[in-house]
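Input: a single structure, listed below in structure tokens.
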Amino acid sequence: MAINPDLAGRSYPAAEPYLVGREKVREFARAVKASNAAHYDLEAAGELGYREVVAPPTFAIIVAQRADARLIADEDAGIDFTRVVHADQRFTHHRPIVAGDELIAELHVDSVRGMGAGAMITTRAEISTTDGEEVATTKSSIIVRGEE
Amino acid sequence: MSVSLEELEVGRQIGEVTIEVTRADLVKYAGASGDFNPIHWNERFAESVELPGVIAHGMFTMGAAVQLVVDWAGDPAAVVDYQTRFTKPVPVEDTDEGPGAEIEVTGIIGAVDHDNSTARVDLTVTSGGQKVLVKAQAVVRL
């Protein structure tokens, strides 16, 4: 399988919305060993000025990776998932993510660089609410290792 | 907010922490994040793709390492930007008791931006003496 060189510049429109659940915020917070009470307790979140429990700084990866999965599943892209390595990741938050948010992600393929027999692919997910409010921008590079 | 921008000096350490990781932690992270890649829970599969064994999700390490910054800032949403490169995998051993890996995290103030009221925290993240995250930087609004 070879990476499609014309992938750069392609974008995938937002698919089904992701509803941020209170228990999912708690579960994800426990999974990254977060101790801040605002992830778990409504009152503690309220004291910091939030209407609901607040997501940890990397929570948006759930939404971003669902968007990435659409690129990886696109047969025309030529990406073999078993040869993918995560190279770098960035989150830029435009406003906090809290339980109750209904999020959508538009995925952009920013660049594709050949690396030997493989390639490095950089994608960007623009995450917003279904009402059009900007929430976060995530950037991620994956290396697809070439076949020896 | 417990931290004031005026008191911050570039180069000052904000803290350090050791994160103990077990195989159960990787299963929990897989479930919480939806990332069920078998390299994070299946030894045979991990070895078949030339890994030293089951490794932690890079996003587990990234997500756990930033907790030092969240605890320091006192507000999870104060972290407005967070990035890293993943350089080395974190192998997690299958143990009967005790951790299968340890991740050491240290944070120092890398920059202070008075105009935007933000500080950049640079994290050093190692496991088994190897740097596992590089250019791990969190920008915190204070």
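In what follows, chains are A, B, ... by sequence order, proteins preceding strands, each numbered from 1. Just so you know, these numbers use all the heavy atoms, side chains as well, and skip hydrogens, waters and symmetry mates.
- Taking A/Ala38, A/Pro57, A/Pro96, A/Ala29 one by one and counting their heavy-atom pairs under 4.5 Å with chain B, the maximum is reached by A/Pro57.
- Contact of B/Gln83 with chain A is made through backbone and side chain together, with heavy-atom distances under 4.5 Å.
- Only the backbone of A/Ala55 comes within contact range of chain B, with heavy atoms under 4.5 Å apart.
- Relative ring orientation between B/Tyr82 and A/Phe91 is described as parallel, the plane-to-plane angle staying below 30° on a 0-90° scale split at 30° and 60°.
- A/Gln89 touches chain B through backbone and side chain together, each having a heavy atom under 4.5 Å away.
- Counting only heavy atoms from C-beta outward, the side chains of A/Pro56 and B/Val70 never approach each other to under 4.5 Å.
- For chain B, no part of A/His94 is nearby; none of its heavy atoms comes within less than 4.5 Å.
- No side-chain N or O of A/Asp88 forms a donor-acceptor pair with one of B/Thr84 less than 3.5 Å apart.
- In this structure, the portion of A/Ala87 lying under 4.5 Å from any heavy atom of chain B is its backbone and not its side chain.
- In this structure, no portion of A/Phe59 lies under 4.5 Å from any heavy atom of chain B.
- For a residue to count as touching a neighbouring chain, one of its non-hydrogen atoms must lie under 4.5 Å from one of that chain's; by this rule B/Ile39 does not touch chain A.
- For A/Lys24, the part sitting under 4.5 Å from any heavy atom of chain B is the side chain, from C-beta outward, and nothing else.
- In this structure, chain A has heavy atoms under 4.5 Å from both the backbone and the side chain of B/Val79.
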